[in-house]
Every structure is written in structure tokens, then in C-alpha cells.
Undergrad: 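The structure is given below, and queries will be raised subsequently.
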Amino acid sequence: MKRAVIIGAGPAGITAAYELLKQSKEYEVLVLEESQEIGGISRTVRYNGNRMDIGGHRFFSKDDRVTKWWDDMMPRQGKPSFDDRKLNRKVPLAKGGPDPEKEDRVMLTRRRVSRIYYKKKFFDYPVSAKTIFQLDIFTLLHAGFSYVYSAVFKRPVDSLENFYINSFGKKLYSMFFEGYTEKLWGRHPREIAPDWGAQRTKGLSIMGILKDILSKAFGGKRSKKNVQTSLIEEFNYPKYGPGQLWETAASEVEKLGGEIRKGCKVTKIHTAGNRIESIAYECGGREVTVEGDIFISSMPVKDLVAGMNDVPEKTGAIAQGLPYRDFVTVGLLVKKLNLKNQTKLETLNNLVPDCWIYVQDVGVKLGRIQIFNNWSPYLVKEPEKTVWIGLEYFCTEGDKYWNLSEEKWVKFGTAELIKMGVISSEKDVLDSHREKVKKAYPAYFDTYGQMDELIEYLDGFGNLYCVGRNGQHRYNNMDHSMATAFEAVGNILSGREDKKNIWSVNTEKEYHEEKK
């Protein structure tokens with residue numbers, strides 16, 4: 001029997017392990033995970049009866065393979081959830097599906113609400129024509145004429161800044177993109193490649209929205225046909241957060257005969273010619289070497305190449321120069337938020353309905369606020385009495401923010417919420433918890449422009465398959481990471497040698513959360 005060694009127990013690694021075992025009796029599968037958790041950045045953290053979703057993960061995909069995989073692993077609800085029952089809300093129910101009030105292995109249907117909080121006002125996210133129409137008339141006119149100028153005098157699309165200005169005009173860029181992007185990446189948008197913006201912004205007709213803006217400004221009617229809808233209204237979500245699904249999938253891997261070893265940090269990759277012969281990992285203070293026939297890696301490319309022997313100097317420099325952005329979440333349990341629910345959406349205690357709130361104001365470091373009650377009422381121990389939120393901060397491993405103690409992080413986050421008017425005082429905070437995540441966001445600058453050279457080198461090893469967000473240094477969503485695993489397993493079992501299909505996942509210029 002052949003051995004497949006999989007590095008990383010996140011979505012890509014667990015998917016690859018499950019699919020390889022399910023589709024073939026030819027391989028024994030070993031998964032090595034550096035941490036003690038399953039799910040990577042899609043894990044769920046338990047703390048004092050409450051649960052934190054690290055980063056926030058909507059379960060929606062254009063890929064039918066992914067959707068079916070989720071449905072098979074965790075069936076959709078057949079009865080209303082706790083808050084749906086309390087509010088008598090109508091939600092889609094699967095015939096014969098589990099009752100989330102009685103069963104745990106169940107996927108909920110949730111409403112998608114994410115908005116921008118800018119100068120104590122809410123705006124629709126992502127930025128679209130609807131967002132623009134929420135501006136006052138003077139800002140609207142300024143934005144409109146700024147649009148005209150940018151449409152006539154196009155900038156070369158050689159940076160994220162120029163991409164945004166060409167797409168939205170300088171006024172809207174300065175309001176909704178410039179400061180937030182710098183918070184997220186730690187670099188000004190002029191220093192970042194345009195690739196990320198092309199995938200993460202809504203596909204909008206510049207001229208169409210321009211007409212809408214000017215028409216609205218001068219009393220005309222908005223043209224609906226010029227707005228390309230790319231937002232889903234609903235998404236699926238595991239009862240106890242994304243980590244629950246990956247923990248469930250990991251248990252299925254083990255039932256199929258796979259082995260998952262936690263606390264095992266891969267440090268060396270032994271190569272000979274055009275193959276990987278073995279890897280070495282550290283566990284419990286000792287080094288263990290494991291040989292294999294196939295190696296599937298979702299570990300950061302930077303670390304993968306650093307652990308290889310005989311790497312050409314230029315290749316090593318490209319890998320070493322790949323940048324990442326790290327992540328800190330501060331969980332705060334409060335009695336209530338000072339934000340008013342002025343939408344028509346019903347929630348427990350009339351809480352604002354947002355899953356995420358994007359904080360564009362540059363006067364605070366805070367990037368996003370997650371409201372866990374809205375992701376799933378089962379993430380919160382007492383959803384009718386408390387609000388459990390996550391304050392998301394972007395930083396760099398080793399910087400002054402990364403090195404803050406948990407106590408200082410809690411004080412810092414609380415002070416920013418008070419400054420923003422989200423809570424009134426420190427006394428509003430009932431409990432708190434902090435989580436740190438390394439290499440959460442692969443970044444598109446520095447040596448990223450030479451990524452194709454690195455891919456060519458890695459593809460030279462016939463039995464190595466790079467999958468997932470960090471494994472490909474690509475800003476993948478969870479479904480994209482799973483798709484890379486599907487493709488890798490397909491190649492292994494079919495004998496396909498080139499790996500273009502694996503690297504081609506999530507390379508479309510626009511990202512849409514809808515099926516065509």
C-alpha cells in the first residue's frame with residue numbers, strides 16, 4: 001500500500017484526506033497538523049460556553065462539488081433554529097432534515113448581512129450603487145464628478161490604488177478603500193498589486209453607476225439594469241461554527257482509516273531529483289522522519305521551501321520574500337450594543353442584524369466586528385441576554401500589536417469600541433478572550449510578482465501537490481481551498497502529471513458569490 005502524507009488539517013488538508021480515502025483503497029493517509037486544532041483558520045474556539053468563529057466563514061459556493069460535500073457531511077436543517085422559532089421567522093427547510101434544537105450535526109440557513117460602519121453611519125458592503133445612494137447630496141455630487149474624471153483620465157492598472165480609483169473614483173476610494181486596505185495589509189494600496197482588488201470587488205459598470213449617481217443627484221430615477229448583483233441573501237452555517245464541520249470531517253477521515261497527528265510541526269522536506277522522499281516533523285521535543293509516496297502540502301509556501309534541501313538561491317529568495325498578514329481576534333461578551341437596528345430584519349433583542357461590520361474609519365485600528373449571535377444563536381451561551389462579538393485586528397507577527405498581552409488587547413479593543421460609540425464603558429464588558437492567528441492572509445506584494453517562477457519549481461517535484469490558501473499563497477475562500485484538494489486528488493488517482501488545474505482554482509478576475 002502507498003502512503004500519502006498531508007501537511008495541515010485545515011479545509012484543504014482534511015478534504016484531500018477524506019477524498020483520497022473515500023475514492024481509493026490504494027493509499028494509507030497520514031495528516032500532520034502543527035497546532036492542536038482542526039480547521040486551520042476555519043476553526044471554532046470554545047471559551048466559557050461561547051464560541052468564536054476565527055475570521056467568519058459563510059458556507060456558499062458556486063462549485064456544486066463543494067456544496068454536495070458540505071450537505072453530505074452536515075445535513076441542512078429541517079426545523080427552525082432557536083432564534084427563528086422565537087421570532088417566527090420563515091427560513092428554507094430541508095425535507096426530513098435534522099432539528100437544530102435536538103441535533104448537533106446540522107447546517108443552518110442564515111441571512112447574509114454585512115455593512116460598512118463609517119463615521120457612525122452604516123453603508124452597504126461591498127461598495128455598490130446602493131452604497132453610493134446612501135451618501136448626502138454634496139458627497140454624492142463629489143463622488144459623481146470624481147467618477148467622471150477617473151473614467152476619462154484612466155490610470156495604469158499597476159497598483160491596487162489605481163485599480164480602485166479607476167473603478168470607483170478618487171472620492172469613494174478615499175472613503176471606503178484607502179484606509180481599510182492599509183489596515184488590512186499594513187501597506188498603502190499604491191504598494192500592492194491590483195490582483196486582490198480585481199477578485200474581491202463587485203463587478204460594476206462604471207458608466208452605468210455614473211449615470212445613476214448623476215441621475216439621482218439631479219432628481220432622476222436609478223437604472224436597476226446597471227447594477228450587477230453578486231451578493232447572496234442567505235448562506236449555510238454549521239450549528240456550532242465552521243470548526244464543527246471540520247472536526248466532523250476529521251472524524252470521518254479516521255473512520256476510513258486515516259491518521260491525524262496533532263502538535264506535529266513539519267520542519268524538513270527531503271528531496272532527491274524530482275521527487276520528495278520524506279519529511280521530518282517535530283513533536284513533543286523529538287524529530288520524526290516519515291517517508292511517503294505522495295505529499296500534499298497546505299503549509300505556507302514560504303515554510304515549505306525553507307525546509308527543502310538544495311533549493312536554488314533565487315527560488316529560495318522568492319519564497320522567503322512572500323509576505324503575510326497576521327490576525328488577532330478579541331472576543332468581548334457584552335449586555336448590549338449601542339447600535340440601533342434600523343433595518344426591517346427581526347433579531348433577538350432587536351440587535352443589529354450584521355454578521356460582519358467593516359470599520360472604515362482610520363481613527364481606530366479595528367478592522368471588522370463580528371457579531372456571533374447573528375452567525376448562529378448556538379455560538380452564544382445566553383443569546384437572549386448577551387451579545388458575543390469579535391473584534392478583528394490585522395497586524396504582523398512580532399510587531400508591537402502582535403506582542404500585546406491579552407489584558408492590553410482587551411483594554412485596547414474596549415477603548416476603541418467606546419470611541420466609536422458601540423458600547424458606553426468598560427463596565428459593559430462581561431467577559432473576554434483573545435486569539436492570535438499566524439499567516440492568516442497571504443499578501444500580494446514584495447516577491448509575489450515572481451510567484452510563477454516558484455510554482456514552476458514546486459511543480460518540478462512530481463509527487464508534491466500544493467493546496468489551500470497558504471499552500472498556494474493565494475487569497476482563497478474555504479470553497480476554493482477545498483476545490484484545490486479535489487483537483488489534487490483527481491490528479492493523483494488519474495495519473496495526471498501537470499498541475500495547472502490545481503493552480504487554476506480561484507484565478508478568475510472577478511469574485512462573485514452567485515451561481516451563473
Undergrad: With a 4.0 Å cut-off on N to O distance, would you call Arg65 and Glu487 a salt bridge?
TA: yes
Undergrad: Are Asp136 and Lys121 within salt-bridge range, i.e. N to O under 4.0 Å?
TA: no
Undergrad: Is there a ring-ring contact (aromatic ring centres under 6.0 Å, His included) between Phe176 and Tyr118 once you walk through the steps?
TA: CA-CA 8 Å; Phe176 294 123; Tyr118 179 69; 5.7 Å; yes
Undergrad: Can you confirm if the NZ or CZ of Lys365 lies within 45° of the ring axis of Tyr401 and under 6.0 Å from the centre of its six-membered ring?
TA: yes
Undergrad: How many angstroms lie between NZ in Lys411 and CD in Glu407, if you round to the nearest 0.5 Å?
TA: 4.5 Å
Undergrad: Are any side-chain N or O atoms of Lys86 and backbone N or O atoms of Thr347, one a donor and one an acceptor, separated by less than 3.5 Å?
TA: no
Undergrad: Is there a donor-acceptor pair under 3.5 Å between the side chain of Ser150 and the backbone N or O of Tyr147?
TA: yes
Undergrad: What orientation do Phe412 and Tyr393 show, parallel under 30°, tilted 30 to 60°, or perpendicular over 60°?
TA: tilted
Undergrad: Which is it for Ser376 and Arg110 under the side-chain hydrogen bond (donor to acceptor under 3.5 Å, both in side chains) test, yes or no, and what are the steps along the way?
TA: CA-CA 8 Å; Ser376 167; Arg110 307 301 291 174; 5.8 Å; no
Undergrad: Determine whether a donor-acceptor pair (N or O, by modelled atom type, separation under 3.5 Å) exists between the side chain of Asn166 and the backbone of Phe163.
TA: no
Undergrad: Kindly compute the distance separating CD (Glu392) from CG (Leu184), expressed to the nearest 0.5 Å.
TA: 10.5 Å
Undergrad: For the pair Asn403 (side chain) and Gly398 (backbone), establish whether a donor and an acceptor sit closer than 3.5 Å, ignoring hydrogens and angles.
TA: yes
Undergrad: Would you say the side chains of Arg155 and Asn162 form a donor-acceptor pair under 3.5 Å?
TA: yes
Undergrad: For Lys183 and Cys395, indicate whether the former's side chain and the latter's backbone hold a donor-acceptor pair under 3.5 Å.
TA: no
Undergrad: Could you name each residue pair satisfying ring-ring contact (aromatic ring centres under 6.0 Å, His included) that touches residues 332-351, not counting sequence neighbours?
TA: none
Undergrad: Any chance you could lay out the ring-ring contact (aromatic ring centres under 6.0 Å, His included) test for Tyr475 and His480, step after step, and finish with the verdict?
TA: CA-CA 9 Å; Tyr475 197 91; His480 297 132; 9.6 Å; no
Undergrad: Please confirm whether the ring centroid of Phe177 lies under 6.0 Å from the ring centroid of Tyr173.
TA: no
Undergrad: Calculate, to the nearest 0.5 Å, the distance between atoms CD1 and CD1 belonging to Ile369 and Ile357 respectively.
TA: 5.0 Å
Undergrad: For the residue pair Tyr441 / Asp326, report whether a side-chain donor-acceptor contact shorter than 3.5 Å exists.
TA: no
Undergrad: Determine yes or no for a side-chain-to-main-chain donor-acceptor pair under 3.5 angstrom, with Asp303 supplying the side chain and Pro300 the backbone.
TA: no
Undergrad: Quick one: pull up CZ in Arg111 and OG1 in Thr343 and give me the separation to the nearest 0.5 Å.
TA: 7.5 Å
Undergrad: When the ring planes of Tyr237 and Trp375 are compared, do they come out parallel, tilted or perpendicular, using 30° and 60° as the limits?
TA: tilted
Undergrad: Salt bridge (Lys or Arg N to Asp or Glu O under 4.0 Å), that's the test. Do Lys436 and Glu406 meet it? Break it down for me.
TA: CA-CA 10 Å; Lys436 299 164 73 173; Glu406 181 162 344; over 6 Å; no
Undergrad: Does NZ in Lys439 sit with more than 12 non-hydrogen atoms of other residues, nucleotides or ligands closer than 6.0 Å?
TA: yes
Undergrad: Treating Thr484 as the side-chain partner and Val467 as the backbone partner, does any N or O pair qualify as donor plus acceptor under 3.5 Å?
TA: no
Undergrad: Test Trp246 against Trp70 for ring-ring contact (aromatic ring centres under 6.0 Å, His included), laying out the working first.
TA: CA-CA 10 Å; Trp246 296 113; Trp70 286 334; 7.9 Å; no
Undergrad: Could you check Asp446 against Arg187 for salt bridge (Lys or Arg N to Asp or Glu O under 4.0 Å), going step by step and ending with a plain yes or no?
TA: CA-CA 11 Å; Asp446 294 346; Arg187 300 282 185 94; 2.9 Å; yes
Undergrad: Look at Arg89 together with Asp83 and state whether they make a salt bridge at an N to O cut-off of under 4.0 Å.
TA: yes
Undergrad: Whether the side chain of Thr447 engages the backbone of Leu322 through a donor-acceptor N/O pair (distance < 3.5 Å, no angle test) should be reported.
TA: yes
Undergrad: Assess the side chains of Glu33 and Ser35: does a donor N or O sit below 3.5 Å from an acceptor N or O?
TA: yes
Undergrad: Any side-chain to backbone donor/acceptor pair from Tyr47 onto Ser432? Under 3.5 Å, distance only.
TA: yes
Undergrad: Of all heavy-atom pairs between Pro383 and Asn373, which one has the smallest distance, and what is that distance?
TA: O-ND2, 3.7 Å
Undergrad: Phe82 vs Tyr378 aromatic rings, parallel, tilted or perpendicular, using cut-offs 30° and 60°?
TA: perpendicular
Undergrad: If we ignore angles and hydrogens, is there a donor and acceptor under 3.5 Å between the side chains of Trp503 and Gln472?
TA: no
Undergrad: Ignoring hydrogens, what is the shortest heavy-atom contact between Ala12 and Ala485? Give both atom names and the distance.
TA: O-CB, 3.4 Å
Undergrad: Under a 3.5 Å threshold, yes or no: a donor from one side chain and an acceptor from the other, between Arg76 and Thr109?
TA: no
Undergrad: Going from CG on Asp63 to NZ on Lys68, what distance comes out if it is rounded to the nearest 0.5 angstrom?
TA: 12.5 Å
Undergrad: Check the angle between the aromatic planes of Trp388 and Phe372 and answer parallel, tilted or perpendicular using the 30° and 60° thresholds.
TA: tilted
Undergrad: Around atom CD of Glu191, are there more than 12 heavy atoms of other residues, nucleotides or ligands at under 6.0 Å?
TA: yes
Undergrad: Can you name the nearest heavy-atom pair linking Thr67 to Ser61, along with the distance?
TA: OG1-O, 3.6 Å
Undergrad: Is the shortest side-chain N to carboxylate O distance from Glu247 to Arg43 below 4.0 Å?
TA: no
Undergrad: Taking all atoms of both residues into account, what is the closest heavy-atom pair of Arg474 and Tyr444, and its distance?
TA: CG-OH, 3.5 Å
Undergrad: Can a donor-acceptor pair be found, under 3.5 Å and without considering hydrogens, that links the side chain of Ser174 to the backbone of Lys171?
TA: yes
